[in-house]
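One-based numbering, in listed order, for ligands and for the atoms of each.
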Amino acid sequence: MVIVMAPDATSAHIDAVVDLVATAGGEAYVTRGVSRTIIGLVGDVRHFETLDLRALPGVSDVLRISAPYKLVSRENNAERSLVTVRGVPIGPGYTTVIAGPCAVETPEQTLQAAHMAADAGASLLRGGAYKPRTSPYAFQGLGEAGLKILSDVRDETGLPVVTEVVDASDVELVASYADMLQIGTRNMQNFALLQAAGEAGKPVLLKRGMNATIEEWLMAAEYIAQRGNLDIVLCERGIRTFEKATRNTLDISAVPVAQDLSHLPVIVDPSHSGGKRSLVLPLSRAALAVGADGVIVDVHPKPETALCDGPQALVESDLPELRDAAQTHAALLGRTLAEAPVPAAV
Ligand code: PEP
Ligand code: MN
C-alpha cells in the first residue's frame, strides 16, 4: 500500500500517518520528494484496511497496488502520463524525436549536430558530456565543459537538452545545465544514481539495462518515482542476445508491454540497438509503428571523425527521411509531431 500526501501536508500530518500505521503493527517508509511526500506501508495489508487513512489530514491518496512497482504502475494511474521537458511533450498524443551526437566533442560539432537534429524533426537535443565507456582508454566525455557547450547550443537553437549522468555525485551539476537527465543502460541498476536523479527536480530518461527484464526496468523507474519524481520516460535501447549481426537486439515488444504495465511514456533508441546507420531508419519506423512515444537518434556532422559511435550516426542526407517517417507515423496514429520551443529573442 502507498500513501501519497498532499503537496501542503505538514510534518505533523506525516507523523500522524506513521503513528497510526505503527498502531496496526505496520512499518511506514517516508520518502520526502521535491513536490510531494510518499509513504510506503510494509506489513499485513488486511490490518491497514481497517484504518481510515484517507480521512487523515494531509492525505491525498491511498493506493492498493499488486504490481511490485507501485508508483509507475498502470494500476496507480490508468491514464498514460505525459512528461514535459521544458515545454516539449513526450507521451500520449505526441511523437517526439530526440537527436544529437553521441558525445559532445566541440562547440562547432555540437551546434552543427543540433541543426541536423532540427532538420530531422527533433524537438530535443541529445549529447553526452559524461560518457560511460566500456573501455577506460576510450573518450570519456568533456565533463562540465561539455555541459556548458550544450547549454550554449540550447540558447542558440532553442532545443532543450537531454544528457547523461553516470554518477550520483554529478547529478546536481548535470541537472543545473540539463533539461532532462539520461540514465544509461549500464547504470539502470545504480540505485544511488536513480535515487539522486529522483531528487534532482528534472525529468529523467531511463534506458533499459541491456540485461534487464521489463520488470527490473520498471523497478528501476520505481526508485526514481519513490523519491517524488514521476517525470520519467522509459527508453528501450536493445538487449543482449546470442545475435551478433546487430549491436544489441531491439526488443520491439517491450514497447507495448511496458506501456501496458506502466503509465510512463516509452521511446526507442534505434541507434544504440542497431549499432549501424543503415538500421536506424527501419528500426525507427518499427518503433513508431508499434506505438513508441518517440525515438532518440544519433546524428553527427562528420561521423568518420566522431570520438564515439560514428558508425551508427545519421548523416545530413538521412535527415529528411527520418523527419518524413516521424511525420507520417504521427499522422497515421493521430499524434502530433512535438515541436521545439521557439528560441528566446537575444
Ligand atoms: C547513449 O545514449 O549515449 C548511450 C551510452 O546509450 P546506452 O546507455 O543505451 O548504451
Ligand atoms: Mn553512444
Side-chain angles (χ1 to χ4, degrees), residues 85 90 96-105 109-110 113-114 116-117 122 124-136 138-143 146-147 149-150 161-167 170 174 178-190 193-194 197 203-212 214 216-217 220-221 224 232-241 246-252 254-255 258 266-277 279-280 283-284 287 292 294-300 302-303 305-314:
V85 183
I90 310 178
T96 307
V97 178
I98 307 173
C102 174
V104 174
E105 299 165 14
Q109 167 257 6
T110 308
M116 291 176 73
L124 296 167
L125 172 67
R126 63 145 291 146
Y130 294 83
K131 296 304 303 174
R133 305 304 298 277
T134 302
S135 163
F139 175 59
Q140 304 287 313
L142 297 179
L147 297 175
I149 293 174
L150 284 167
V161 163
V162 182
T163 194
E164 183 160 355
V165 55
V166 297
D167 195 288
D170 295 330
V174 177
D179 300 299
M180 181 179 222
L181 301 175
Q182 177 175 321
I183 296 188
T185 194
R186 294 162 188 81
N187 269 314
M188 189 207 79
Q189 283 187 317
N190 180 339
L193 177 61
L194 296 170
V204 178
L205 180 66
L206 178 64
K207 290 197 154 192
R208 179 180 178 185
M210 62 182 93
N211 303 308
I214 293 172
E216 287 164 341
W217 186 22
I224 301 168
I232 306 164
V233 174
L234 301 168
C235 178
E236 159 62 38
R237 49 77 69 209
I239 51 174
R240 280 246 163 111
T241 67
T246 48
R247 182 172 176 179
N248 293 276
T249 299
L250 177 61
D251 180 7
I252 201 75
V255 175
V266 182
I267 67 165
V268 164
D269 182 338
S271 308
H272 288 83
S273 42
K276 275 190 202 137
R277 183 168 309 125
L279 294 173
V280 173
L283 295 182
S284 298
V295 288
I296 178 167
V297 174
D298 285 9
V299 299
H300 198 287
K302 257 184 145 197
T305 65
L307 297 178
C308 185
D309 287 348
Q312 69 193 31
L314 293 186

> First locate atom CG of Asp269, then atom CG of Asp298, and finally report the distance between them rounded to the nearest 0.5 Å.
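Answer for the CG-CG pair, Asp269 versus Asp298, is 6.5 Å.
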> Can you confirm whether Val166 sits close enough to Arg186 that some side-chain heavy atom of one is under 4.5 Å from a side-chain heavy atom of the other?
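Not touching, per the 4.5 Å side-chain cut-off.
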> Which residue holds the protein heavy atom closest to atom 9 (O) of ligand 1, what is that atom called, and what is the gap in Å?
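Answer for atom 9 (O) of ligand 1: Arg237 NE, 2.6 Å.
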> Quick one: nearest non-hydrogen protein atom to atom 6 (O) of ligand 1, plus distance?
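That would be Lys207 NZ, 3.0 Å.
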> Using a distance threshold of 2.8 Å, state whether an N, O or S atom of Asp298 lies below it from the Mn ion (ligand 2).
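Checking Asp298: none of its N, O or S atoms is under 2.8 Å.
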> Testing Ile296, Leu314, Val295 for side chain to side chain contact (heavy atoms under 4.5 Å, CB included) with Ser284, which one passes?
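Among Ile296, Leu314, Val295, the one that satisfies the side chain to side chain contact (heavy atoms under 4.5 Å, CB included) with Ser284 is Val295.
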> Between Arg126, Met210, Arg133, flag the one that comes closest to atom 2 (O) of ligand 1 by a heavy atom.
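Going through Arg126, Met210, Arg133 one by one, Arg126 has the nearest heavy atom to atom 2 (O) of ligand 1.
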> Rounded to the nearest 10°, what angle sits at the Mn ion (ligand 2) between NE2 of His272 and SG of Cys102?
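Taking the Mn ion (ligand 2) as the apex, I get 140° for this pair.
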> Could you go through Gln312 and His272, starting from their C-alpha distance and side-chain angles, then the distance that decides it, and tell me whether this counts as side chain to side chain contact (heavy atoms under 4.5 Å, CB included)?
CA-CA 7 Å; Gln312 69 193 31; His272 288 83; 3.3 Å; yes
> Confirm or rule out an N/O/S atom of Cys308, from backbone or side chain, lying less than 2.8 Å from the Mn ion (ligand 2).
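It does not; every qualifying atom lies at 2.8 Å or beyond.
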> Which heavy atom of the protein is the closest neighbour of atom 4 (C) of ligand 1, given with residue, atom name and distance?
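Heavy-atom neighbour on the protein nearest atom 4 (C) of ligand 1: His272 NE2, 3.4 Å.
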> Note the single closest protein heavy atom to atom 5 (C) of ligand 1, along with its residue, its atom name and the distance in Å.
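Sorting protein heavy atoms by distance from atom 5 (C) of ligand 1 puts Glu164 OE1, 3.7 Å first.
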> Contact between Leu124 and Thr96 at the side-chain level, heavy atoms closer than 4.5 Å - yes or no?
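A side-chain contact exists here, since the closest heavy-atom pair is under 4.5 Å.
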> At less than 4.0 angstrom from any non-hydrogen atom of Gly184, what atoms of ligand 1 do you find?
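Answer, ordered by atom number: 8 (O).
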> What's the separation between atom CD in Gln182 and atom CD1 in Ile98, rounded to the nearest 0.5 Å?
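Those atoms lie 8.0 Å apart.
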> Give the residue and atom name of whichever protein heavy atom lies nearest to atom 8 (O) of ligand 1, and the separation in Å to one decimal.
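I find the closest protein heavy atom is Thr185 N, 2.8 Å.
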> Are any of the side-chain heavy atoms of Arg208 and Asn248 separated by less than 4.5 Å?
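They are not in contact (no side-chain heavy atoms under 4.5 Å apart), so the answer is no.
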> Output the atom name for the N/O/S atom of Asp309 with the smallest distance to the Mn ion (ligand 2).
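The atom in question is OD2.
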> Number the atoms of ligand 1 from 1 as they appear, then name those within less than 4.0 Å of a heavy atom of Arg186, with their elements.
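It comes down to these atoms of ligand 1: 8 (O), 10 (O).
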> Under 4.0 Å between a side-chain nitrogen and a carboxylate oxygen: does that hold for Arg247 and Asp309?
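Yes, this pair counts.
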